[in-house]
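The block underneath contains the structure these notes are about, expressed in structure tokens.
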Amino acid sequence: MSSADKKYELPSNAIVLPPTAQLQALLTLIRDEKTQRYSDRIIRLLVEEGLNHLPVVPKTVRTPVGLDFDGVGFEGRICGVSIMRAGEAMEAGLRDCCRSVRIGKILIQRDEETCLPKLFYAKLPEDIAERFVLLLDPMLATGGSCIKAIEVLLSHGVKEEKILFLNLIASPLGTDAVCKRFPKLRMITAWVDEGLDSHSYIVPGLGDFGDRYFL
Ligand code: PRP
Ligand code: URA
């Protein structure tokens, strides 16, 4: 079903969620042309996996029974950055896990004729260069929008290795374009689909994510 299962060789900095029965059922729901807005549980899985890639340091706490537990705590600060509009659908999932997380926004839209990305606007936390960035966009087709967003982050001083790109459905072309151009970034996706159609839509995909989620 997934290209990742067949011949496509995933770049080493791309991570695909384990294709559990639950994930496949959720992906089936969101792809169904008769449904809308079922992506929140998959987004939550992506955020949890993204957080797994953040560094931790040893931390000891005292439990209510008066004993120490030697565990770990997160090291370093994070922020989210959504690629508008569709990426905004992933913000609530990030906030569910990290309640007061700061979230920046980059408005990039694909030209409907050429499918090339156009950057309109970016509003990012002023100290973003010191943070890990969870970059949010559910669809990765040609990779153009994501690459433009990463260029904006890099131009604001974010280190490539501190970018975690969270994505629902990717094409092999987009995965290669992003992961090979930025080998120190990590991409986490729920599924790699077969490819793109003549309009650069992901196939089988789910159509226009933004329209299905917000309209
Ligand atoms: C979609 C999607 C990505 C982009 C993917 O956004 O959310 O940002 O297309 O395509 P690409 O990999 O070929 O660049 P779109 O520009 O359609 O805007 P939207 O978020 O308003 O739907
Ligand atoms: N944007 C979407 O929303 N879906 C696609 O398949 C490609 C770009």
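With a 4.5 Å cut-off between side-chain heavy atoms of Ile, Leu, Val, Met, Phe, Trp and Tyr, the cluster of Ile163 takes in Val81, Ile83, Ile106, Ile108, Leu119, Leu124, Ile128, Val133, Leu135, Leu140, Ile147, Ile150, Val152, Leu153, Leu154, Val158, Phe165, Val178, Phe182, Leu185, Met187. Cluster partners of Val61, using a side-chain heavy-atom cutoff of under 4.5 Å among ILVMFWY residues and allowing indirect links, are Phe69. Side-chain heavy-atom separations under 4.5 angstrom define the hydrophobic clusters, and the remaining members of the one that includes Val65 are Leu67.
Under the 4.5 Å side-chain contact rule for hydrophobic residues, Trp191 and Ile202 share a cluster. Taken together through direct or relayed side-chain contacts under 4.5 Å among Ile, Leu, Val, Met, Phe, Trp and Tyr, Ile43 and Ile15 form part of one hydrophobic cluster. Residue Leu45 is grouped with residue Ile169 when hydrophobic side chains (ILVMFWY) are merged at heavy-atom distances under 4.5 angstrom, including chains of intermediate members.
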For this session: For the pair Leu164 and Leu54, evaluate side chain to side chain contact (heavy atoms under 4.5 Å, CB included) and give the outcome as yes or no after the intermediate values.
Result: CA-CA 9 Å; Leu164 293 161; Leu54 296 173; 3.8 Å; yes
Exercise. Is there a side chain to side chain contact (heavy atoms under 4.5 Å, CB included) between Leu196 and Val203 once you walk through the steps?
Worked result: CA-CA 5 Å; Leu196 300 177; Val203 286; 5.7 Å; no
For this session: Apply side chain to side chain donor-acceptor pair (under 3.5 Å) to Tyr38 and Asp32, showing your working.
Result: CA-CA 10 Å; Tyr38 276 101; Asp32 187 336; over 6 Å; no
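Here the CG-CG distance, from Leu51 to Leu134, works out to 6.0 Å after rounding to the nearest 0.5 Å. Summarising the geometry, atom NZ belonging to Lys148 is positioned 9.0 Å from atom CG belonging to Leu116; distances are rounded to the nearest 0.5 Å.
The side chain to side chain contact (heavy atoms under 4.5 Å, CB included) with Asp193 is formed by just one residue from the set Pro172, Pro204, Ser171; it is Pro204.
Taking both residues in full, the closest heavy atoms of Asp176 and Pro11 are given as OD1-CG, 3.5 Å, listed atom of the first, atom of the second, then distance. Counting all heavy atoms, side chain and backbone alike, Leu27 lies closest to Ala190 at CD1-O, 4.1 Å. Taking every heavy atom of both residues into account, Leu206 and Arg212 meet most closely at O-NH1, 2.8 Å. Nearest approach of Ala89 to Phe214, heavy atoms of both residues: N-CZ, 3.8 Å.
Annotation: side chain to side chain contact (heavy atoms under 4.5 Å, CB included) contacts of Tyr201 (sequence neighbours excluded): Arg110, Asp197, His199, Asp208. Residues forming a side-chain hydrogen bond (donor to acceptor under 3.5 Å, both in side chains) with Ser82 (at least two apart in sequence, or on another chain): Glu91. For Glu48, the side-chain hydrogen bond (donor to acceptor under 3.5 Å, both in side chains) test picks out Arg44, with sequence neighbours left out. Scanning for side-chain hydrogen bond (donor to acceptor under 3.5 Å, both in side chains) contacts around Glu126 gives Arg102, with sequence neighbours left out. With sequence neighbours left out, Glu88 forms a salt bridge (charged side-chain N to carboxylate O under 4.0 Å, His left out) with Lys105. With sequence neighbours left out, the side-chain hydrogen bond (donor to acceptor under 3.5 Å, both in side chains) criterion links Arg95 to no other residue. Residues meeting the side chain to side chain contact (heavy atoms under 4.5 Å, CB included) test with Ser100, sequence neighbours left out: none. In this structure Asp70 satisfies the side chain to side chain contact (heavy atoms under 4.5 Å, CB included) test together with Thr60, sequence neighbours excluded. Under the side chain to side chain contact (heavy atoms under 4.5 Å, CB included) criterion, Lys162 pairs with Phe132, Lys159, sequence neighbours left out.
Here the side chain of Gln36 pairs no donor or acceptor atom with the backbone of Tyr213 at under 3.5 angstrom.
Within the 4.5 Å cutoff, the side chain of Arg131 has no heavy atoms near those of the Ile78 side chain.
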